[in-house]
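Here the structure comes first, spelled out in structure tokens, and everything after it is commentary.
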Amino acid sequence: MHPDASAAAARRCQEARGIPVPGTVSQRLSDTTGQPARPALARAVVDLAAIAHNTRLLAQHARGELMAVVKADGFGHGAVQVARHALAHGASWLGVACVAEALALRTAGITQPVLAWLYLTREEIEAALAAAVDLSVACVGQLRQVAAAAEATGIPARIHLKIDTGLRRGGAEAADWPQLICVARGFEQRGLLDVHGVWSHLIHADRPTHPDTAGQIRAFDTAVAQAEDAGLRPALRHLANSAAALDAPVTHYDLARAGLGLYGIEPVTGAGFGLRPALTLHTRVLMTRGVAAGKGVCYGHDYTTPAATTLALVPVGFADGLPRAASPGARMWLAGERRPVVGRIAMDQCVLDAGAAAAVGTGDEVIVFGPGHHGEPTVKDWARWAGTSPHEILTGIGPRVLRHYQEAPHTPHHLLEGRTP
Ligand SMILES: *Cc1c(COP(=O)(O)O)cnc(C)c1O
């Protein structure tokens, strides 16, 4: 027997007798977010040094300021942790989708500017004003609601007017823009609000040099000029996302809003800028079994073993963020190799073909995805297997997966870069 296989067998035997084995799933893992330690079958290890590196890289490319977009719990990485690191390494703004996300940053003690762009109710607006959260405004109805909240609370709102330059998602239509800026100027003169920004969003988020971008820039410039003619003095004009921050300087204006790139996923299709993926999703083998050729595996027996092999059960499934649609092509890193996921990915578990000669046993480390430096699958691989985007893979990581933070090196970045603070 292969020495590793006999070690695994000994370990299995030890476990069968109820003897705790170091480094198995029975180990209680502590969390660094202050949550009580709880056993975890899967861990998302976030490399904060990578977040710091990516922030510095994006900030170096951006001509203006950098907004760290930490919506959806920092793309699954933990919004507060990411925000703190991004702010310490070159970002000066934070961006979130909804007001609740902004309030969570304030509750954590973060005082830097935060912009939220999705809200509906008066309660949300008042909470945003009380917490000094900037709001995006895209139509006169919203503007009136914000002004009314400012009047009622006595807290002037700071807003960013959003112009639609072609994405046709949020934002004011060009035809409605003159009225929006005129009403905004009126409220500004009454001291109810300050139009701090004018902004828009790109159509081709992963191809900022697409010909459509030029038209968006023209539409944006027109909207800004109209706002200035109406007497508004927006300090921040912003249009770029991560990909544009790296690859399309003409879109930079005063600030770039970076999401994906912050997390180390190369955002420009077909190009690399030296970003470092920050998140590694770990799990462990729960049990193994030898099977003969011709045996069906998992629901519906979609998969049949072509030859005798060893199957390894891993305790992560679609509730943990592994898309069920990735089942036919997906791989995980086990015992120094990419091993295929066989059969359908279930809610809580799935099965790897560990290979006939596998020296694999309970407790063995499995990497679902990571930076890819050693050959392990990446977030982009999972996105390809599932026919989706890396954003969806990252934000899909479920609440059962414990977030674990590896601290950034303690050397302040200004020393590394020879800058004074
Ligand atoms: C999510 C989001 C971003 C970040 O985009 P990335 O392509 O991930 O950098 C920027 N702006 C808006 C409005 C967003 O919704």
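Owing to the predicted nature of the structure, the values given are computational and were not obtained by experimental measurement. Counting starts at 1 for both ligands and their atoms, following the listed order.
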**Asked** Is the backbone of Gly215 close enough, under 3.5 Å, to the side chain of Asp212 for a donor and an acceptor to pair up by distance?
**Response** no

Under 3.5 Å, side-chain donor or acceptor atoms of residues 314-322 against the rest of the protein: list the pairs with distances, not counting sequence neighbours.
| unit_1 | atom_1 | unit_2 | atom_2 | d |
| --- | --- | --- | --- | --- |
| Asp320 | OD1 | Arg400 | NE | 3.0 |
| Asp320 | OD1 | Arg400 | NH2 | 3.3 |
| Asp320 | OD2 | Gly317 | N | 3.0 |
| Asp320 | OD2 | Arg400 | NH2 | 3.1 |

**Asked** Does ligand 1 have a heavy atom under 4.0 Å from the side chain of Ser242, from its backbone, from both, or from neither?
**Response** both

**Message:** Can you confirm, on distance only, whether ligand 1 has an N/O atom lying under 3.5 Å from any N/O atom belonging to Asn241?
**Reply:** yes

**Request:** Tell me which protein heavy atom sits closest to atom 12 (C) of ligand 1, plus the residue, atom name and distance to 0.1 Å.
**Result:** His201 CE1, 3.4 Å

**Asked** Can you list the atoms of ligand 1 that are under 4.0 Å from a heavy atom of Trp117?
**Response** 12 (C), 13 (C), 14 (C), 15 (O)

**Message:** Suppose we measure from atom 11 (N) of ligand 1 to each protein heavy atom; which comes out shortest, and what is that distance?
**Reply:** Arg257 NE, 2.9 Å

**Message:** Can you name the atoms of ligand 1, numbered from 1 with element, that are less than 4.0 Å from a heavy atom of Trp199?
**Reply:** 13 (C)

**Asked** Does His391 have a heavy atom less than 4.0 Å from any atom of ligand 1?
**Response** yes

**Item:** Contact atoms of ligand 1, heavy-atom distance to Leu260 under 4.0 Å
**Value:** 6 (P), 8 (O), 9 (O)

**Item:** Minimum-distance protein heavy atom relative to atom 4 (C) of ligand 1
**Value:** Gly259 N, 3.7 Å

**For ligand 1, the portion of Tyr263 having any non-hydrogen atom under 4.0 Å away** = neither

**Protein heavy atom at shortest distance from atom 15 (O) of ligand 1** = Lys71 NZ, 2.6 Å

**Complete:** Sequence neighbours excluded, the answer for salt bridge (Lys or Arg N to Asp or Glu O under 4.0 Å) partners of Glu337 is Arg339

**Prompt:** Mind checking whether Lys162 has an N or O less than 3.5 Å away from an N or O of ligand 1?
**Reply:** no

**Message:** With a 4.0 Å cut-off on N to O distance, would you call Arg158 and Asp194 a salt bridge?
**Reply:** no

**Message:** Under 6.0 Å between ring centres: does that hold for Trp93 and His160?
**Reply:** yes

**Message:** Test your reading of the structure: does Ala205 have an N or O sitting under 3.5 Å from an N or O of ligand 1?
**Reply:** no

**Request:** Answer yes or no: are there more than 12 heavy-atom neighbours, outside Leu120 itself, under 6.0 Å from its atom CG?
**Result:** no

**Message:** Please list, in number order, the atoms of ligand 1 under 4.0 Å from a heavy atom of Phe75.
**Reply:** 8 (O)

**Asked** For atom CD of Gln179, is the number of surrounding heavy atoms from other residues, nucleotides or ligands below 6.0 Å larger than 12?
**Response** no

**Asked** Does a salt bridge link Asp381 with Arg338, judged by any charged N lying under 4.0 Å from a carboxylate O?
**Response** yes

**Request:** Start with the C-alpha gap between Arg257 and His238, add the side-chain angles, then the distance that decides, and say whether side chain to side chain donor-acceptor pair (under 3.5 Å) holds.
**Result:** CA-CA 8 Å; Arg257 305 181 305 269; His238 47 111; 3.0 Å; yes

